[in-house]
Amino acid sequence: MSLLTTIPERETPPTLAPLRERARQALQRSGLPTKKTEAWRFTPVRHLLDRDYPKAEVVDTSAGWAAPGRDPRAHFRGAQLLALPQPQPGLKAYRAVEAPAALLERLGTVATNEHFVALNSVSFTDALLLVVGRDYDGALDLDYEAFGTSPAYPRVLIVLEAGARLRLVERAFGQSALSVPVTEVVLGPEASLDHVRVHSNEGALLGTLAVAQERASRYRSLVASFEGAPLRLDLDVRLLGPCAEAYLDGIYLVGDQAHVDHHVRAEHVAPHCRSQQRYRGVLDGKATAVFDGQALVRRSAPGSEAHQHSRSLLLSGRANVYAKPHLEIDHDDVVASHGATVGTLDEDPLFYLRSRGIPAPVARGMLAFAFLEELVNATPVEAIRSELTESVLARLPEAQTLRAHFEELP
Amino acid sequence: MTMLQIRNLHASVDGKEILKGIDLEVGAGEVHAIMGPNGSGKSTLSYVLAGREGYEVTEGQILLDGRDLLSMSVEERAAAGVFLAFQYPVAIPGVSNLYFLRAAYNSIRKARGQEEVSGAQFLKLAREKAKLVKLDPELLKRAVNDGFSGGEKKRNEVFQMTLLEPRLCILDETDSGLDIDALKIVSEGVNALRGPERAMLVITHYQRLLDYIVPDVVHVLVDGRIVTSGDKGLALELEARGYDDARASARNG
């Protein structure tokens with residue numbers, strides 16, 4: 001059975017009925033992307049849509065599902081929300097069935113209701129809703145464990161109240177046929193979110209991360225993608241209140257036949273906001289990467305500053321990059337820049353390293369590492385830095401030698 | 001004892017012959033200066049010795065300690081003891097100086113069949129050597145040459161040389177872009193490395209550097225050939241009269 005026909009008929013709390021109904025209508029209207037859908041031109045998904053999927057299996061959680069050590073955290077395995085963060089002062093976490101109606105109503109208001117977001121809204125088994133108050137200053141881990149052969153639709157809404165601060169790490173890992181996660185984030189006035197999202201799952205992932213920012217809120221994001229079978233992320237940030245800031249970094253490192261597609265969009269609706277996109281990728285083998293960066297500055301947003309830059313490094317002659325940074329500006333009072341480069345390793349630094357005795361393959365690995373490490377070093381969540389560094393090292397040629405060279409000095 | 005032997009060396013870049021038959025012998029412990037006008041082939045000679053791609057040797061031989069350099073890769077030459085101090089050292093953002101140098105140090109040890117050193121051992125060594133060349137320890141933590149001033153870059157080259165203890169040091173226009181104070185510090189570092197266990201080639205356009213690094217022999221390179229050789233007095237003569245006489249003798253010779 002293909003993807004659209006496997007949508008489960010599920011019992012839904014009445015409070016979710018309007019969301020499901022809107023999504024159902026949106027799906028009927030827009031359907032799922034075809035190769036004629038401009039935003040999906042370089043990432044064909046037909047084979048994913050037409051594939052046979054079994055009906056969702058129920059995970060047996062009674063058989064000793066051990067909570068990993070980190071806390072507070074939430075854990076999706078496949079479609080199922082297995083763990084919620086322990087209650088803490090300032091941190092409230094709900095499943096959809098138990099969430100207050102006013103909170104539930106916000107679900108689906110941040111992400112654009114079309115294609116896979118609509119599919120997720122129709123299909124998710126359970127949603128996680130989090131409210132972070134200003135008396136919570138801490139971290140939160142969100143795990144998406146890909147699992148099983150039926151499609152999974154993890155769904156998350158995170159609301160940071162005025163002045164709240166959160167360090168959030170999302171990890172997609174494991175192995176499955178298809179995962180379609182949707183994360184919606186609301187940053188209240190002067191709220192600050194430091195966010196790292198890591199994709200290291202084997203199997204297709206078509207994800208959406210939508211952020212709505214109110215006055216003087218700050219969002220710092222690093223997306224790190226290490227697998228793509230395929231991977232698609234739509235990161236959609238809307239600057240709705242004045243003086244909001246969004247710093248959007250991304251790295252990807254893929255080889256073989258991997259396909260990674262990052263669509264990053266910053267929309268300036270309110271005046272005096274700032275957005276910056278910096279994406280860097282390394283490709284080996286026959287890998288393909290798409291970077292589509294958009295900055296939109298509306299007429300209502302004078303005094304905006306919007307920057308975007310994408311750089312890709314090809315380690316193989318058979319890898320491909322489609323880079324498309326674009327600005328759409330409806331106001332004169334704007335500072336903006338954009339650019340994209342795609343290239344191979346420079347000869348000069350390579351010769352320099354080799355002339356100091358470092359063998360050519362190791363020197364190439366070091367330069368690719370350095371290229372990504374600049375953004376890793378700027379990670380918004382310091383606690384995950386060494387984990388990211390290790391993920392990068394492990395995937396480079398000559399990983400073992402590189403690991404010895406970059407092992408932390410005392 | 002001869003350490004470096006260059007015999008009838010011809011080399012081309014993009015099919016154009018730049019070096020037209022160079023013969024040179026440098027003994028252990030000796031410092032030889034190579035002087036010459038722009039375009040005479042000085043930098044080509046240093047790149048050919050280091051093994052840079054794009055520099056094609058069409059004839060001749062280079063031996064270091066009796067071993068054939070031309071059959072070795074760039075990194076094999078480094079392990080054999082060749083060190084080129086660059087005229088324009090490149091910046092490598094994202095790799096700290098210390099990590100880069102540990103990689104170099106251990107790669108060379110590994111290639112020589114020696115045991116690699118631990119992080120703590122290396123750190124101790126690096127700090128000692130940095131002190132010797134008066135390199136600000138903060139620069140060890142920064143990315144390689146990234147945002148370094150001209151003087152800091154050259155000092156960093158000499159620092160690397162001190163750490164890697166090469167057999168053959170090639171200093172390519174090390175004086176370019178240095179003020180007198182920086183020149184003195186860099187020269188002190190180089191002079192500290194002089195000794196019977198290594199040979200040095202100091203490549204320079206100007207005589208000024210040779211006031212600080214006093215050579216045993218001076219060679220004048222014009223149009224891809226060594227046209228005359230002498231003691232340090234030759235450098236002073238060139239300074240006074242320019243390269244015109246040397247050019248003329250190259251044409252007549």
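Note on naming: letters A, B, ... go to the chains in the order of the sequence lines (proteins, then strands), and numbering restarts at 1 for each one.
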>> What part of B:Gln121 gets within 4.5 angstrom of chain A, counting heavy atoms only: side chain, backbone, both, or neither?
In response: neither
> Quick one: does A:Arg356's side chain get under 4.5 Å of B:Tyr105's, heavy atoms only?
Replying inline: no
> Should we count CZ of B:Arg109 as having more than 12 external heavy atoms under 6.0 Å?
Replying inline: yes
> When rounded to the nearest 0.5 angstrom, what is the spacing between CG in A:Leu409 and NZ in B:Lys141?
Replying inline: 11.5 Å
> Is the CD atom of A:Gln400 crowded by more than 12 outside heavy atoms at less than 6.0 Å?
Replying inline: no
> Is the number of heavy atoms from other residues, nucleotides or ligands within 6.0 Å of CZ (B:Arg67) greater than 12?
Replying inline: no
>> For the residue pair B:Arg102 and A:Phe406, would you count it as a cation-pi contact if the rule is NZ or CZ under 6.0 angstrom from the ring centre and within 45 degrees of the ring axis?
In response: no
> Top residue by heavy-atom pair count (under 4.5 Å) with chain B, among A:Glu347, A:Glu408, A:Met366, A:Glu407?
Replying inline: A:Glu407
>> Less than 4.5 Å to any heavy atom of chain A: does that hold for the side chain of B:Pro89, its backbone, both, or neither?
In response: both
> Under a 4.5 Å heavy-atom cut-off, does chain A meet the side chain of B:Tyr88, its backbone, both or neither?
Replying inline: neither
>> Taking CG in B:Asp68 as the centre, count heavy atoms belonging to other residues, nucleotides or ligands within less than 6.0 Å. Is the count above 12?
In response: yes
> Got a sec: does the OH of A:Tyr322 have more than 12 other heavy atoms crowding it under 6.0 Å?
Replying inline: no
> Heavy atoms, side chains only, cut-off 4.5 Å: are A:Leu353 and B:Val144 in contact?
Replying inline: no
> Any idea which of B:Ala103, B:Gly54, B:Ala78 has the most non-hydrogen atom pairs under 4.5 angstrom with chain A?
Replying inline: B:Ala103
> Who among B:Pro93, B:Ser73, B:Ala120 has the most heavy-atom pairs with chain A under 4.5 Å?
Replying inline: B:Pro93
> Are more than 12 heavy atoms from other residues, nucleotides or ligands located less than 6.0 Å from atom CZ of B:Arg127?
Replying inline: no
> Can you name the closest pair of heavy atoms from A:His405 and B:Tyr99 and give their distance?
Replying inline: O-CD2, 3.5 Å
> For B:Arg77, is it the side chain, the backbone, both, or neither that has a heavy atom closer than 4.5 Å to a heavy atom of chain A?
Replying inline: neither
> Using non-hydrogen atoms only, which part of A:Leu375 is less than 4.5 Å away from chain B: side chain, backbone, both, or neither?
Replying inline: neither
> Under 6.0 Å between ring centres, would you say that holds for B:Phe86 and A:Phe351?
Replying inline: yes
> Between A:Asp346, A:Ile358, A:Leu402, A:Leu372, which residue shows the highest count of heavy-atom pairs closer than 4.5 Å to chain B?
Replying inline: A:Ile358
>> Is it true that, when you exclude B:Glu53 itself, more than 12 heavy atoms of the residues, nucleotides or ligands shown sit nearer than 6.0 Å to its CD?
In response: no
> Would you call A:Arg354 and B:Glu76 a salt bridge, using N to O less than 4.0 angstrom?
Replying inline: no
> Of the non-hydrogen atoms in B:Gly119 and A:Pro410, which two are nearest, and what is the gap between them?
Replying inline: C-CD, 3.8 Å
> Going by atom types only, do A:Tyr352 and B:Asn145 share a side-chain donor-acceptor pair under 3.5 Å?
Replying inline: yes
> With a 4.5 Å limit on heavy-atom distance, are the side chains of B:Arg52 and A:Ser355 in contact?
Replying inline: no
>> Which heavy atom of A:Pro349 sits nearest to which heavy atom of B:Val90, and what is that distance?
In response: CA-CG2, 3.7 Å
>> Can you tell me which of B:Asn106, B:Val82, B:Ile108 forms the most heavy-atom pairs within a distance under 4.5 Å of chain A?
In response: B:Ile108
> Are the side chain of B:Glu75 and the backbone N or O of A:Ala360 linked by a donor-acceptor pair below 3.5 Å?
Replying inline: yes
